[in-house]
Amino acid sequence: MPLNESTIVAMVRDRPGVLNRISSMFRRRNFNIVSLAVGQSEQPGMSRMAFVVNGDDATVEQVIKQLRKLIDVASVSLIQEDTMISRELALIRVNGTASTRGEISQIVDIYRAHIVDIAPDSLIVEVTGDEDKVQSLKNLLNTFGITEMIRTGRVAMVRGMAHVHSNNSGNPANRAA
Amino acid sequence: MKLTGGQIVCESLIKEGVEVIFGIPGGAILPLYQDLPRYPQLRHILMRHEQGAAHAADGYARTTGKVGVAFGTSGPGATNLVTGIAAAQMDSVPTVFITGQVARAAIGKDAFQETDVTGITLPITKHNYLVMNASEVAETIKEAFYIASTGRPGPVLVDIPKDVFTEEAEFSYPESVNLPSYHLPQEADPREIQAAARLIKEARKPLILAGHGVVISRAFEELMQLAEKAQIPVITTLLGISSFPEDHPLSVGMPGMHGMAHASLAIDEADLLLGLGMRFDDRITGDLNSFAPNAKIIHAEVDPSEVHKNVRATAPLIGDLKKTLRKLIPVVEPKSHEEWSQRIAELRMEHPLMRPRTGGALLPQYVMQALSKATNGNAVIVTGVGQHQMWAAQHYTFTQQNSWVTSGGLGAMGFEVPAALGAQVGRPGSVVWSVAGDGGFQMTMSELATLAENNIPVKFAIMNNGYLGMVRQWQDIFYEKSYVATHYTHNPDFVKLAHAFGIHGDRVTKEEEALPAIRAAMEHPGPALIDFVVAEEENVYPMIPAGGAVAELMEEPV
Ligand SMILES: Cc1ncc(C[n+]2csc(CCOP(=O)(O)OP(=O)(O)O)c2C)c(N)n1
Ligand SMILES: [Mg+2]
């Protein structure tokens, strides 16, 4: 079966140890996480997590079912590529002196990225976009020498009107008495 | 009403209907223990090892259907519980473990007897908690029992720091739990029920594979109705044993690695499998690519993650098994499968479990048959792990619902002694036999003291082959009889040992002694032990090597 990257979004209770429960489950079942992003959601007490996982369809199905089994996970959705808006943010520290700054700045403009810090011999570029965009900017900046990079991993949402292929997310019938 | 955390634990346990706790005290959990005398409704059984406490809670839960409870102190008390927790997790047994933890201020400082118990048990519990305030104790225990006993049951651990036991808080027991993120089983999809009924109607060679789920959801009657209405032969998995009476004409037996040959061969020929409350474990399927090559699959299971995990189901019926079967039975049409039943009978004739043998050493298979005869198949049988476990599964004729207690998923040697203790506490009126390996028995035999102390009348049949027999068998078959580290050259005298613990002890070395000794042990009012000195190098047949196909099935050599 073909391996592919799938985006899974989960609503989880914002409690100590939740991240540990989730990562422990991934490790134990030998699921491969490509990226993981987590932060507050619109609901108080709940966080939203976005996972990118690598695996065939059966693996992704297991990931979703095993996530749902965790007591602190309220809902899990698989987001289809064609209905997905996804973004990633990266900070990239690149070598840059007075002589190369201009060239870097041009590239950064084309990518609608920003230079957010300048030092005598380096600068920090902030870029937001899908992974392809971040990757291609990174490749270009590589020629100047990247000394540090941090990426958030993919965050994703379904476009307005489109439907989430939801795995019983928030079905009231599932609520405990 | 203001109470201490320890008192709140006790009050909450009483609200949950707990009657028995298995445990051992220690510094961190001591405040809770010191509260126990105020609550005489809570019977505490002092074990000799926390592994014993955990397995006893497990055995108790399996025989009663109630949540089993064990206590342990921080650090070594909690780590000793681990094997028992893992066993309960693998076999979906509703259990709640309460452990003491070092005081809150000491957590994370590598304090004396501090271990990260919630961290250690995270992958082997259904859920776990560290309770940091006395005001959260009642709600947490409510949730723990709810989670342990609903859906696919399992162990829940509640770790409570020492100073939370002594802290005071207002006590009121919550009426209900507020767990919006906990998903209870859904009801099986009506379209899938219809699809399943159609598959049953079309099938010419259907087979039921009844698993532990039948026992857990107490769907005995429903299984019987379905099997009889559509005349479907019933195979029981290792943990499904005693979900269907083995003296019933539709009973086929156990399949898989050490199952009956005719059961495995029937699966190979079947055109429809109804997996009921089971998970197509590798000990049953062997090589997945050649498993049940001709069969469509109906999979009725409470845990959605088990469906399509190992095999693809044609009709998945996700939900509580009892409810699912109640919906399925009315839409299934009555049928008969004369030819198919005859075919299975033929397979059974062609592949006897054992060829008759005379003379030679006492055969463990014979001991199982004698036990079956002496108890009319009515005893609760608890086993360890190894050859004796498989012989008990094969040769005891189970006629009583839910009368088989074994560590199937984890396969924990040492289960046989404490789990039998818990089973007997849960079923004081039943005859409980522990079929023990000489190896496994020595792992937990310290609990004989607990049995004697509390006069819990478990009867032990030690299948003493002087070997870690199942491992020796693998060495025999796969390593040219190179018996590395499997021979016991100096086993204790088990009869003297029994006497040392103050329990009845007897030794059997010949066939004709077996029945009288078994009867004498049962007539003895307290715990009793029989050392059956059995053939040393007897192998369990049939055998399908791990991951193998049915075609690789080995039968007893002539
Ligand atoms: C705690 C534990 N350790 C090791 C094993 C591996 N093992 C499986 S069966 C077996 C032999 C069991 O010997 P015994 O209890 O004498 O039973 P027999 O097979 O001889 O009937 C062993 C060592 C196990 N299942 N559990
Ligand atoms: Mg042995």
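Just so you know, these numbers use all the heavy atoms, side chains as well, and skip hydrogens, waters and symmetry mates. Proteins come first, then strands; the chains are lettered A, B, ... in the order of their sequence lines, and each starts at number 1.
Contact annotation for Arg21(A): both backbone and side-chain heavy atoms come within less than 4.5 Å of a heavy atom of chain B.
Here the straight-line distance linking atom CD1 of Ile147(B) with atom CD1 of Ile71(A) works out to 4.5 Å at 0.5 Å rounding. Rounding to the nearest 0.5 Å places CZ of Arg28(A) at 10.0 Å from CG of Leu122(B). To the nearest 0.5 Å, the span separating CZ on Arg68(A) from CG on Asp303(B) amounts to 10.5 Å. A distance of 12.0 Å separates CD of Glu61(A) from NZ of Lys309(B), quoted to the nearest 0.5 Å. Summarising the geometry, atom OG belonging to Ser181(B) is positioned 8.0 Å from atom CZ belonging to Arg15(A); distances are rounded to the nearest 0.5 Å.
A pairwise comparison of heavy atoms in Ala74(A) and His183(B) identifies O-CE1, 2.8 Å as the closest pair. In plain terms, the two heavy atoms of Gln62(A) and Ser305(B) that are nearest each other are NE2-O, 2.7 Å.
Heavy-atom contacts from other residues, nucleotides or ligands closer than 6.0 Å to CD of Gln135(A) number more than 12. Surrounding CE of Met132(B) are more than 12 heavy atoms belonging to other residues, nucleotides or ligands, all under 6.0 Å away. More than 12 heavy atoms of other residues, nucleotides or ligands lie within 6.0 Å of CD in Glu126(A), so this atom counts as buried by the packing criterion. Under a cut-off of 6.0 angstrom, the local environment of CG in Asp110(B) is sparse, with at most 12 non-hydrogen atoms contributed by other residues, nucleotides or ligands. Within a 6.0 Å radius of NZ in Lys66(B), more than 12 heavy atoms belonging to other residues, nucleotides or ligands are found. No more than 12 heavy atoms of other residues, nucleotides or ligands shown are found within 6.0 angstrom of CD on Glu175(B). More than 12 heavy atoms of other residues, nucleotides or ligands sit less than 6.0 Å from atom CZ of Arg29(A).
Considering only heavy-atom pairs separated by less than 4.5 Å from chain A, the leading option among Arg152(B), Arg312(B), Lys126(B) is Arg312(B).
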Evaluation steps, side chain to side chain contact (heavy atoms under 4.5 Å, CB included), between Arg13(A) and Leu179(B): CA-CA 10 Å; Arg13(A) 290 215 285 176; Leu179(B) 279 170; 3.7 Å; yes

